[in-house]
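Read the numbers this way: they start at 1 and go in the same order the structure lists the ligands and their atoms.
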Amino acid sequence: MKISQRWHWKAFWLSLILIVPLHCVDADPVSVQEIDSEAIQITFLNVGQGDAVLIRTPEGPTVLIDAGPDELPNGLSNFDVEQVDLLVASHPHADHIGGMVSVMNTYPVRFYMDSGDTHTTVTYRELIQTLQQRTSITYLIAEPRTIQLGGAEIQVLPLLPAGSTDLNNRSVGLVVRYGSFVAFLSGDSEIEELTYWVQQQVVPDVTVLKAPHHGSSNGFTREFLERAQPEVVVISVGANRYGHPHAEAVQAYEAVSQTLLTTREHGPVTILGYADGRYEIRTGGA
Ligand SMILES: [Zn+2]
């Protein structure tokens, strides 16, 4: 198993290197979002109560982390996406994987990564059935590794042992780096997983933080925020019965960051990150 995963990883790395020149030749990418070819683009899509985060790297590789509760409202049609190089399911709850089958039916997907956790829902079963039918998609388990995406990279964080905790606390943790620009994304992780990462010393100083667990009061700790020191916090949230985002979380994020945005209030939120650490925020649109 290990050997084949390593082989897949090598294949992934090599194939991304191979596609980079192709995207460089296509020197005039067109997008409604006006992609800056010098910037990594991270868009928190407006999917209501759920998560879907689209990453476009300057050289072209595209990553989609979660796909919202339902079919994505406008697909990825505003983003000039031709294929999804890496599709990540942070964890198997429906508000994160509900739109994945539709994504796989619409775009070629090259690599799929998840925590390895299973679920009993129809939504999860349909996702797995679709994955099994798509033999062209290479499966990756989330384990500590770094995935190179041209000039950007994604570090996959260690997970708590399988079976030792609940699905939220085994959300796939990703640190996205493009030079000095750093983003931290971790699905619905709660105090247990965030504390584990602090103890493992894998929480860097970040530019952008996706508020874990939709701004829940169990989606942050003081120690985690002291390490992460985000400049921008984005809460992916819609109408919900849980009271997300919770007031204490909003207060904690406002205390530590310069900018706090929610998809419910601002619609899709796009951060353009530059290698020198600068960033621009764009909100609104589809
Ligand atoms: Zn969720």
Any N/O/S atom from [X] (main chain or side chain) under 2.8 Å of the Zn ion (ligand 1)?
X    : answer
H96  : yes
D51  : no
H213 : no

Does the gap between the ring centers of [X] and [Y] come in under 6.0 Å?
X    : Y    : result
F224 : F184 : yes
H213 : H244 : yes
H96  : H214 : yes

Atom name, D95 (N, O or S, nearest to the Zn ion (ligand 1)): OD2

Which atom of D188 approaches the Zn ion (ligand 1) most closely (N/O/S): OD2

Check ion pair R227-D205 (N to O, under 4.0 angstrom): no

Short side-chain to backbone donor-acceptor contact, N168 and E190, under 3.5 Å: no

